[in-house]
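Report on the following structure.
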Protein chains: 2
Amino acid sequence: MNSTRALEVLKEHGYKHTKQREKLLTLLDQHDDIYVSVKQLWEEFSEDFPGASYDTVYRNLYTLADIGILETTSLDGEKQFRFHCDTSDHHHHFICTACGKTSAIHLCPVEDVALSLPGHQIDNHKFEVYGKCPACH
Amino acid sequence: MNSTRALEVLKEHGYKHTKQREKLLTLLDQHDDIYVSVKQLWEEFSEDFPGASYDTVYRNLYTLADIGILETTSLDGEKQFRFHCDTSDHHHHFICTACGKTSAIHLCPVEDVALSLPGHQIDNHKFEVYGKCPACH
DNA sequence: GTGTTAAATGATAATGATTACGATCTAGGA
DNA sequence: TCCTAGATCGTAATCATTATCATTTAACAC
Ligand SMILES: [Mn+2]
Ligand SMILES: [Mn+2]
Ligand SMILES: [Zn+2]
Ligand SMILES: [Zn+2]
């Protein structure tokens, strides 16, 4: 996923094309494969839009996540955002706790787990590996 | 882990035996294998200690987690606590989103993942499966 | 291009979880 | 019993998230 495609998806969902959304998507493009917090995006956003409402950044990030453009995780009780992966296969991520950079993990144990939990209805799951990426350690 | 053993561990770490801590551990005993929020524990706690400080419950839960008596997770941005499992084997949990009840998952993919991530330093990982337990669905 | 309108933004405040702090109380040892 | 470090209480600060409403603007019809 990238900002150009994201603007199309926004339009498909009936959302307007605003300067603010374009800027936000550009920022997300610059953090490719990296989880970024609302606060950091708002700070970078504010350089172009001084006095921008925090809520505008916050609300748009949640909108983008809602329609599948972004994916999210929570680190230290703070929500983080990044473009949704393009690959069609189900996978998970290694997340660098220093820079937020992610690496794909093409291995998911949830199918095997389901077999070992008879009577349980599995709705979703979370598998994340944390550490330092090659550049950070 | 249970309240009796927990009181011993507290003493081993130089913490005092207080009525409040005893009550808190009793409450945790009553929620065996179930994740409970600070708020819920504080409400139950307040029945015996009207006007109890929220901070007392909160601080003690974090103390107990620090010294390995409790384990924690975060659901909807709210921290949840339960007694640490007695089993010595590394494992993960299915968590019922209706009642908090957990079931052990004796399967961890992190070793295999490490092999597929050369150059990455792996510090920790999270694997949780969510859904409805047999009693709730 | 002009006007219309629903959506988006800005400004600000409310909420809820977490954390901090000083005064008071108390467990546990001398 | 007395002393004191640690624990609790009462209260407030902090931080992320969410809500509200007046103002602005993108998209569309004319
Ligand atoms: Mn990916
Ligand atoms: Mn367990
Ligand atoms: Zn998976
Ligand atoms: Zn594991």
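Order of the sequence lines fixes the chain letters, A, B, ..., with proteins taken first and strands second; residue numbering starts at 1 for each chain.
Between B:Trp42 atom CH2 and C:dT18 atom P the separation is 14 Å, expressed in whole Å. Atom CD of A:Gln40 and atom P of D:dC15 are 17 Å apart (whole Å). Across the protein-nucleic acid pair, B:Tyr54 atom OH and D:dA13 atom C1' stand 16 Å apart, rounded to whole Å. To the nearest angstrom, C1' of D:dA16 lies 12 Å from CD of A:Gln80. The CG atom of A:Asp76 sits 13 Å away from the P atom of C:dT18 (whole-angstrom rounding). One can place NZ of B:Lys79 at 8 Å from P of C:dT18, the figure rounded to the nearest angstrom.
Residues near A:Leu115 contribute nothing to a hydrophobic cluster around it, because no ILVMFWY side-chain heavy atom sits closer than 4.5 Å to its side chain.
Residues that satisfy the side chain to side chain donor-acceptor pair (under 3.5 Å) test with A:Glu22, not counting sequence neighbours, are A:His17.
Counting only residues at least two apart or in different chains, ring pair (Phe, Tyr, Trp, His ring centres under 6.0 Å) contacts with residues 98-120 of chain B comprise A:Phe94-B:His120, B:His91-B:His106. Here salt bridge (charged side-chain N to carboxylate O under 4.0 Å, His left out) pairs that include residues 5-21 of chain A, with residues two or more places apart or in two chains, are A:Arg5-A:Glu8, A:Arg5-A:Glu12.
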Response to the item:
Per-nt protein contacts along nucleotides 3-10 of chain C (heavy atom under 4.0 Å; B base, S backbone sugar-phosphate only, - none) come out as ---BBSBB
Side-chain polar contacts of residues 127-137 of chain B - donor-acceptor pairs under 3.5 angstrom, sequence neighbours left out - could you list them?
from, atom 1, to, atom 2, distance (Å)
B:Glu128, OE1, B:Thr73, OG1, 3.1
B:Glu128, OE1, B:Tyr130, OH, 2.5
B:Glu128, OE2, B:Thr73, OG1, 2.7
B:His137, ND1, A:Gly119, O, 3.4

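Counted within 6.0 Å of NZ on A:Lys79, heavy atoms from surrounding residues, nucleotides or ligands total 12 or fewer; the atom is thus considered open.
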